[in-house]
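Structure first, commentary second.
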Number of protein chains: 2
Amino acid sequence: MEDDTRQRLLDAAEALFAEHGFADTSLRAITARAKANLAAVNYHFGSKDELIRAVFARRLEPLTGERLARLAALEAGGRAVTVEEALAAFIEPSLRLRREGPHGERFTRLLGRGLIEIPDSLRELPRHHYGQLLERFQQILARTLPHLPPGELRWRLRFTLGVLSFTYIAASPRAAEADQIAGGEERLLQQLIRFLSAGLRAPELDADGAAAPDGRFQQVFDPSRGVVEKARHKI
Amino acid sequence: MEDDTRQRLLDAAEALFAEHGFADTSLRAITARAKANLAAVNYHFGSKDELIRAVFARRLEPLTGERLARLAALEAGGRAVTVEEALAAFIEPSLRLRREGPHGERFTRLLGRGLIEIPDSLRELPRHHYGQLLERFQQILARTLPHLPPGELRWRLRFTLGVLSFTYIAASPRAAEADQIAGGEERLLQQLIRFLSAGLRAPELDADGAAAPDGRFQQVFDPSRGVVEKARHKI
DNA sequence: CAGATAATCAAACGAATGTTTGAATGAGGG
DNA sequence: CCCTCATTCAAACATTCGTTTGATTATCTG
């Protein structure tokens, strides 16, 4: 029983944090679920904060490593990378983890929450785990989208993270299966890439505000040409 | 001083909840900030949960009302609505609130968090405040995007909410001003609409997986035609 | 002004929390 | 078997929390 108690604590914490958040999950709830003694948390992890750190590190370090490796492989390919490829490299490892089972789903829920809701005492975690990855991802996106000024790219990267965060949290694999018409869980990656690549590729805003939302122009889907700009018909 | 203490409590709670979350914000911290007595919370609101409810209701009821009115005005216009118009009607009131001052920014942060992190005892709040609005918005979107099957539309609506949630939380007006090239805060609505409308308008996934992320096709921006699908050059 | 109601106050209450402690038990090695 | 270290345990501790209570103060109205 080398690490059995430790693993059980991590599993229980992961599940309860994902469902109730960090502050609303007590150590007594975790240890009850893990069938362990309350003091085991302090013995194995030192403190609640360290337990939270360990829960993240357990799965996020391999995940981040994989994502970085995927992005590096893209860059080493010696050819221009498409937006779709960059997005797939960034997103697919996390969706695969999510599909591994209940633990994967729980962890990606935590991922989503951890981008938004992190206790004050653990504020370093996002930068620690994501800093390099996001930098790399942004660099690759910048190369695939040379028409975008840096500021606008930064905005769109934020939008992309918002989509991912919400996807991890708000949509379980069960919800994806319920949307049969959309093809269910296996199609989620493609749904995400379809949506995000279109948004990322959208033309830069003109300096004179040509994209004012007053309906003078709209993007429409023309089956022979794809998405194009078209003037509105006057009534 | 009719409602002065009550307003101070709401303001203090709003600020601290936005910064630290609900569970990590104690009533003693709120009352210290509001220069009020601890028991004032129970006198004016009854409980901490009711205070949370009141913080949301104070600004969300007018905001939701305005959003519904904007959407209703669109539908009453007697002509086809564009995606851009629907997005603007849904998003612009919240961005205006956000720009009113620090209180607006705090509240939209709360909005973003409230879509994701809500205490178990307050699980009814999202449906209570958003149910009708999101239904209405989805109906309007379905009409502007008739090429999308319902399941796929539901997914893209989730993605849209993720973008908004993250925008409210992760980007303050100060961050927007820092991105001068992107045009700062006044352009945020346009940035959002540009990104979201492109994503929403993206063609439906084909049943045979034509959008597989293997790089065979990519969407590219052709200045004369807009975003089109193009086969990759072979190396 | 007096009485009633509203609002505030300090203290107390009961519960919950994370951390610590020293004893007890388990495991491994000589 | 004994010793050492690792692990677990129950109890205690100090702190924090939301809620309640009864007294006090403030405000309003006739």
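Just so it is clear, the structure is predicted and the values come from calculations on it, not from any experiment.
- Ion pairing between A:R109 and A:E105 fails under the 4.0 Å rule for side-chain N and carboxylate O.
- If you measure from atom CD1 of A:I52 to atom C1' of C:dG18, you get 12 Å, rounded to the nearest angstrom.
- A salt bridge is absent between B:R67 and B:E92: the closest approach of a Lys/Arg side-chain nitrogen to an acidic carboxylate oxygen does not fall below 4.0 angstrom.
- Distance, B:D4 CG to D:dT27 C1': 15 Å, rounded to whole Å.
- At whole-Å resolution of the value, CD1 in A:I30 and P in C:dT17 are 11 Å apart.
- B:D49 has no carboxylate O lying under 4.0 Å from a charged side-chain N of B:R53, or vice versa, which leaves the two without a salt bridge.
- Among the atoms of the strands shown, base atoms are found under 4.0 Å from some heavy atom of A:A39.
- Computed from coordinates, the A:R6 CZ to D:dA6 C1' distance equals 14 Å when rounded to whole Å.
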What pairs of nitrogen or oxygen atoms, one from the protein and one from nucleotides 15-18 of chain D, lie under 3.5 Å apart?
from, atom 1, to, atom 2, distance (Å)
D:dG18, OP1, B:K48, NZ, 2.8
D:dG18, OP2, B:L27, N, 2.9
D:dG18, N7, B:R28, NH1, 2.8
D:dG18, O6, B:R28, NH2, 3.1

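- What separates OH of A:Y43 from P of C:dA24 is a distance of 19 Å, to the nearest Å.
- The CG atom of A:N37 sits 14 Å away from the P atom of C:dG18 (whole-angstrom rounding).
- By the ring-ring contact (aromatic ring centres under 6.0 Å, His included) test, B:F107 is found to be paired with no residue, residues two or more places apart in sequence or in another chain being considered.
- At D:dT7, none of the side-chain N or O atoms of A:T5 fall inside 4.0 Å of OP1 or OP2 (strictly under the cut-off).
- Salt bridge B:E100/B:R96: absent, no basic N to carboxylate O contact under 4.0 Å.
- Salt-bridge check for B:E75 with B:R143: passed, with a basic side-chain N closer than 4.0 Å to an acidic carboxylate O.
- Atom CG in A:L9 sits roughly 10 Å away from atom P in D:dC9 (whole-Å rounding).
- Phosphate contact (OP1/OP2 of C:dT8, side-chain N/O of B:H44, threshold under 4.0 Å): present.
- For B:F45 and D:dT19, the CZ to C1' distance is 16 Å, given to the nearest whole Å.
- With sequence neighbours excluded, no residue forms a ring-ring contact (aromatic ring centres under 6.0 Å, His included) with B:Y130.
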